[in-house]
Visitor: 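Provided herewith is a single structure, encoded as structure tokens, for subsequent inquiry.
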Amino acid sequence: MEKTFQPAAIETHWYEQWERQGYFAPQGGDNAYCIMIPPPNVTGSLHMGHGFQQTIMDALIRYHRMAGHNTLWQVGTDHAGIATQMVVERKLDAEGVSRQELGREAFIEKVWEWKAESGGTITRQLRRLGASPDWSRERFTMDPGLSHAVQEVFIELYREGLIYRGQRLVNWDPALHTAISDLEVVSEEEKGSLWHFRYPLAGSEGHLVVATTRPETMLGDSAVAVHPEDERYQHLIGRFIELPLTGREIPIIADDYVDRDFGTGCVKITPAHDFNDYDMGKRHGLPMINILTDDATLNDEVPEAYRGMERFDARSKVVADLDALGLLDRVEDHTLKVPRGDRSGVVIEPYLTRQWYVDARAMAKPAIAAVETGSIEFVPRQWENTYFAWMRDIQDWCISRQLWWGHRIPAWYDESGNIYVGASEAAVRQEHGLDSELALRQDDDVLDTWFSSALWTFSTLGWPEDTEELRAFHPTSVLVTGFDIIFFWVARMIMMTLHFRKEVPFHKVYVHGLVRDAEGQKMSKSKGNVLDPIDLIDGIDLEDLVAKRTSGMMQPKLAQRVEKATRKQFPEGIAAYGTDALRFTFYSLASTGRDIKFDIGRIEGYRNFCNKIWNAARYVLMNCEGEDCGTGDEDDVELGLADRWIISQLQSTEAEVARTIASYRFDLASQALYEFIWNQYCDWYLELSKPALQDEAASPQARRGTRRTLIRVMETWLRLLHPFMPFITEEIWQNVAPLAGKRADTIMLQPYPVADDKAVDNAANADIEWLKGVIVGIRTIRGEMNIPPARTLTVYLRNGDNKDQQRLGENATFLKKLARLEAIEWLEPGAEAPAAATALVGALEVLVPMAGLIDKKAELDRLAREVQKVENDLKRVEGKLNNPAFIDRAPAEVVAKEREKLQSLQQALTKLHEQQETIRRL
RNA sequence: AGGACUAUAGCUCAGUUGGUUAGAGCGCUACCUUGACAUGGUAGAGGUCCCCAGUUCGAAUCUGGGUAGUCCUACCA
């Protein structure tokens, strides 16, 4: 084995091996465990959020697979309607071709080509992370099977009246020319103006002042509203306004939606271009005057001078024209929430169109109940509130999109506008007995991407057929997802699945946090702070990183800033840390639901951990290869204290890992593994094994016992660690396992270690604690007194009891080696001791003679610090015990514990004082 | 406006049902190339647990109020 761990050398090799051998496919009995991957965009590429999420799912999958479950990780990708269509359109644009020129058929052909070309990227990257889904079952939301499920669901919901077509105000994206759902609109505060206009009263002098942030919409006003109880305007209710620029007269109406205290208390009402106005328009039977085209330019409903104008140009012109008429009262600065499309970034228009909707209110009821009754549980729990809040006030879901890429809506229209919904034109004709002469036209729209995603848990398993997989794996075990798609995806999956399967899609929803950069900023291309998980695995030099981060940036200034920040943060580029280190970093950061700041320092630490593991393996192999390791259970072996101790600690670690995985605390699981492997196995057990193996006097049984423990414990913790660090554990296991009498083609399918209570050895734990106490005591004196490590010492033990004496007898070899001692002398009570620095282990005093070694002042300083510490503790304990209320009311065992503490502190203090005296007298 | 979350060492974070000497990693300081590992070893320094009040024998932990920050939902023209 190499001296340092080289991840690149082993990762692809093992991954290819695993996949080729079919290890990822379900195998096992009735005990099913299943996770559905949140399907990434088929043409997308891996970001840190994916990395985090896949890594968590893979640990769960590998864990359950090893634990003997029939484990399926269903993988697949999403067609991502808008996102994918936009990418392809942009590509075509660059070639000087428009989608419209190409035509629908040819365009869709192009998208499939693009999918074929770039669709492998994300799945290749998933493989680099070591993810172990069953690739043989990979699905795509536009596969024939899944498309069939989509159609089936649409038709059925239509028949049940849960899907309907309606004309109403939608969020219209004028750049993409499609309706989008409420969820796809992001509103952010932007600076704007509040214009105040004078609207002249019809048939008399005077005017009302109305305020608006969108002057151009006044061309579509159909009323002015005031509050019904507003005394200022009582006399005007029912009268008319002469709407400027248009020559139309509009009524003054009363509606308690109006806030009397805002502005003048008069509101212009534009029912066709504002959601609130729309509702009011319906209440009052106002005309809905649509003044826009699909592009958000002004249409023929407006006076000629404005027709064909772009909406923001029209805004300026309306303001200027009103000003010229003396009707502009004033303009105020105003910050307002501007709704923008999450994909296009342009301002969204409320726009009157005909669209398809899902009656979400009806479907939400059972979905709410499923969470209320605990059939589905969110982890962490608090996300259930978010879910409830949204579900209880859910709006109907607009599912039609004016796009070409997606599942086309299975609805046909005849010339009189009748709607026929069915699987195909032929099916529709047959069902409705339509004459072949009658012209039918299929709906041009496609379904919202999330419509097909909502069926994911059952459509991927073969629904609507009644498949074996459905029976075996549905409902699935857990959904691992980000909070950002609870509404988009999780809620809709629950609704659809309950409706069509009469069962929940999953029992648990594990909601993880967002991966942010080291400063806590969201990672985004435009901020230039994106980290690519693959770069963390393979490394990237600075120039490439800068180029990558600034590529495609339109603003040179921004690119400059990004470059500067990147050069500052990564002056050496990014080192190749390997997949295992990256994965372990994700686990260590995955505490309950909170966002994580990705700190490069962490991954470096875990790279070092990999190296530690690697070298521990080298040590074990060095000592065990070609040696008698007592692999047979019948072999004659003798387990020493250290062996019994590490075996005992291993059990505790196994129990802790099982417990923490069950509660999705991957941070705690990773910490327990790190602690055990580094601080116990490497730092203490390997060190203790050295004297054991080198001791010429030791029996063959004892040495065999040490070798067996070295190899068996390592073999076990490699399996324990495998779900978290799949590659390094496989590589080492292949070398180590045969020495433990195990041989297999992969660690992946080996049983997961389970804690054995019988192997917990509290006596051994206590003995090792004692041993560590003595060694650390001596090392501390060495450290603080600057005694060179090479210098061997003689120490004296005083005031010990029989137990101490016995422990000394059994562990003298360990003490000598680990504390670098020449000799250890046991002093009988009262015996004279040389002047020495002292460490306390319980009541036992460990004396390091000072002659020629120890600086008097340094030792006095050290003792003073010790005394200070003990006195502080003593004060606290005495305070408690002197409080009668504490004695009275605290539980007896707590009081007893404090009393014990008091006693040992007092004892320690006495000894420290004596020691101070002795030193002072020197 | 409503709601959720967060505040603990220089930094990133743990801290189960109230009882610890408040922990880890990174960073920092000193010493050390000892036959697995300098991507290492040994030792050490470093904390007003955001603030105020309350409950309690006892609060980082529970309650109320405040401050600061993050996010979600809704939205006033």
Side-chain angles (χ1 to χ4, degrees), chain A residues 1 3-5 182 187 194 210-214 217 225 257-259 261-270 274-277 334 336-337 380 382-383 385-386 389-390 393 483-484 486-487 513-514 516 518 520 575 577 581 588-589 591 593-602 604-623 659 663 665 667-668 671 674-675 679 682-683 686-687 690 776 779-790 817 820 869-870 872-873 876-877 879-880 883-891 893-895 897-898 901 905:
Chain A
M1 286 171 81
K3 196 170 170 185
T4 56
F5 172 53
D182 298 343
S187 294
L194 187 60
V210 298
T212 181
T213 53
R214 304 195 46 201
T217 64
Y257 159 77
V258 179
D259 178 357
D261 301 324
F262 187 92
T264 57
C266 302
V267 196
K268 60 187 272 311
I269 302 300
T270 321
D274 180 282
F275 288 99
N276 289 309
D277 293 6
H334 185 71
L336 68 161
K337 290 274 179 110
Q382 77 246 13
W383 290 108
N385 295 331
T386 309
W390 190 67
D393 190 33
F483 60 84
D484 47 333
I486 288 180
F487 305 145
L514 207 68
R516 297 170 174 278
Y577 296 111
S588 73
L589 294 170
S591 68
R594 75 147 94 184
D595 286 358
I596 61 179
K597 292 190 201 175
F598 196 88
D599 179 12
I600 205 89
R602 292 293 287 254
E604 197 175 325
Y606 295 120
R607 190 268 320 261
N608 295 353
F609 180 44
C610 289
N611 196 53
K612 190 76 184 175
I613 290 168
W614 187 257
N615 279 291
R618 289 178 61 218
Y619 170 81
V620 170
L621 291 173
M622 196 178 87
N623 281 287
R659 193 181 68 79
S663 54
R665 288 300 302 269
D667 58 330
L668 299 179
Q671 206 187 327
Y674 185 95
E675 221 278 323
N679 301 105
C682 292
D683 284 352
L686 292 189
E687 293 309 317
K690 289 175 186 174
V776 169
R779 283 177 179 169
T780 305
I781 291 170
R782 266 185 191 278
E784 301 216 343
M785 296 304 126
N786 279 323
I787 301 171
K817 170 83 177 169
R820 297 213 140 214
K869 235 188 265 176
V870 173
N872 286 344
D873 292 347
R876 195 180 10 249
V877 174
K880 277 188 189 176
N883 180 356
F886 174 72
I887 306 286
D888 277 359
R889 302 196 198 179
E893 78 248 29
V894 173
V895 177
K897 210 169 125 193
E898 291 299 316
K901 215 188 281 175
L905 284 170

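Worth knowing before you read on, the calculation uses all heavy atoms, side chains too, and leaves out hydrogens, waters and symmetry mates. Throughout, a chain's letter reflects where its sequence line sits, starting with A, and its residues are numbered from 1.
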Visitor: Could you tell me whether the side chain of Lys3(A) reaches within less than 4.5 Å of the side chain of Arg618(A), counting heavy atoms only?
Guide: yes

Visitor: Just by distance, do the side chain of Arg602(A) and the backbone of Leu589(A) share a donor-acceptor pair under 3.5 Å?
Guide: no

Visitor: Could you check how far CD of Gln671(A) sits from P of G15(B), rounded to whole Å?
Guide: 9 Å

Visitor: Rounded to whole Å, how long is the line connecting atom CZ of Arg607(A) with atom C1' of G40(B)?
Guide: 12 Å

Visitor: For Asp277(A) and Lys268(A), which heavy atoms make the closest approach, and how far apart are they?
Guide: OD2-O, 3.5 Å

Visitor: Starting from P on G19(B), measure out to NZ on Lys901(A) and report it in whole angstrom.
Guide: 11 Å

Visitor: From the list G15(B), A77(B), G44(B), which nucleotide is the closest neighbour of the side chain of Val258(A)?
Guide: A77(B)

Visitor: Please classify the nucleic acid contact of Arg214(A) as base, sugar-phosphate, or nothing, using heavy-atom distances under 4.0 Å.
Guide: nothing

Visitor: Within the structure shown, what part of the strands sits under 4.0 Å from Lys690(A) by heavy-atom distance: base, sugar-phosphate, or nothing?
Guide: base

Visitor: Rounded to whole angstrom units, what separation is found between the CZ atom of Arg782(A) and the P atom of U42(B)?
Guide: 14 Å

Visitor: Of the options C76(B), G44(B), U21(B), whose atoms approach the side-chain atoms of Asn276(A) most closely?
Guide: C76(B)

Visitor: Please determine, for A68(B), whether a Watson-Crick or G-U wobble partner exists with both distances under 3.5 Å, and give it or none.
Guide: U6(B)

Visitor: With a 3.5 angstrom cut-off on both distances, give the Watson-Crick or G-U wobble partner of U73(B), or none if there isn't one.
Guide: A1(B)

Visitor: Using a heavy-atom cut-off of under 4.0 Å over every strand shown, decide if Asp259(A) touches base, sugar-phosphate, or nothing.
Guide: base

Visitor: Phe609(A) pairs by ring pair (Phe, Tyr, Trp, His ring centres under 6.0 Å) with which of Phe5(A), Tyr577(A), Trp614(A), Tyr674(A)?
Guide: Tyr674(A)

Visitor: Let me know the distance between NZ of Lys337(A) and C1' of A77(B), rounded to the nearest Å.
Guide: 16 Å

Visitor: Heavy atoms under 4.0 Å, any strand shown: does Phe487(A) hit a base, just sugar-phosphate, or nothing?
Guide: sugar-phosphate

Visitor: With nearest nucleotides of RNA chain B determined for Thr264(A) and Gly783(A) from heavy-atom distances, which residue corresponds to the more 5′ nucleotide?
Guide: Gly783(A)

Visitor: Quick one: is Lys3(A) getting a side-chain N or O under 4.0 Å of the G40(B) phosphate, OP1 or OP2?
Guide: no

Visitor: Using modelled atom types only, decide if a donor and an acceptor are shared between the side chain of Arg516(A) and the backbone of Phe598(A) within a distance under 3.5 Å.
Guide: no

Visitor: Side chain of Asn611(A), backbone of Thr4(A): donor and acceptor closer than 3.5 Å?
Guide: no

Visitor: Describe the nucleic acid contact of Ala389(A) in one word from base, sugar-phosphate, nothing, applying a heavy-atom distance below 4.0 Å.
Guide: nothing

Visitor: For residues Leu686(A) and Ala616(A), report the shortest heavy-atom separation together with the two atoms involved.
Guide: CD1-CB, 3.9 Å

Visitor: When the nearest nucleotide of RNA chain B is assigned to Lys268(A) and to Arg779(A) on a heavy-atom basis, which residue is associated with the more 5' position?
Guide: Arg779(A)

Visitor: Which whole number of Å gives the distance between the P atom of G35(B) and that of G46(B)?
Guide: 34 Å

Visitor: Can you tell me the distance, in whole Å, between the CZ atom of Phe483(A) and the P atom of C72(B)?
Guide: 7 Å

Visitor: Using a heavy-atom cut-off of under 4.0 Å over every strand shown, decide if Val776(A) touches base, sugar-phosphate, or nothing.
Guide: sugar-phosphate

Visitor: Whole Å only: how far is the CZ atom of Phe262(A) from the P atom of A1(B)?
Guide: 15 Å

Visitor: Could you check how far CG of Asn608(A) sits from C1' of G25(B), rounded to whole Å?
Guide: 11 Å

Visitor: Counting the atoms with a prime plus P, OP1 and OP2 as sugar-phosphate, which does Pro891(A) contact under 4.0 Å by heavy atoms, base, sugar-phosphate, or nothing?
Guide: base

Visitor: Both distances under 3.5 Å, Watson-Crick or G-U wobble: report the partner of C11(B), or none.
Guide: G25(B)

Visitor: Mind checking Cys682(A) for me? I need base, sugar-phosphate or nothing, with any heavy atom below 4.0 Å counting as a touch.
Guide: base

Visitor: Does a side-chain N or O from His334(A) land closer than 4.0 Å to OP1 or OP2 of A77(B), or not?
Guide: yes

Visitor: Which is true for Ile887(A) with a 4.0 Å heavy-atom rule: it touches a base, it touches only sugar-phosphate, or it touches nothing?
Guide: nothing

Visitor: Could you tell me whether Asn872(A) contacts a base, only the sugar-phosphate backbone, or nothing, with contacts defined as non-hydrogen atoms closer than 4.0 Å?
Guide: nothing

Visitor: So Glu893(A), base contact, sugar-phosphate only, or nothing? Heavy-atom distance under 4.0 Å.
Guide: nothing

Visitor: With both distances kept under 3.5 Å, what pairs with G35(B), Watson-Crick or G-U wobble?
Guide: none

Visitor: Classify Arg665(A) by what it touches in the nucleic acid, base, sugar-phosphate, or nothing, heavy-atom distance under 4.0 Å.
Guide: sugar-phosphate

Visitor: Provide the Watson-Crick or G-U wobble partner of U16(B), both distances under 3.5 Å; none if there is no partner.
Guide: none

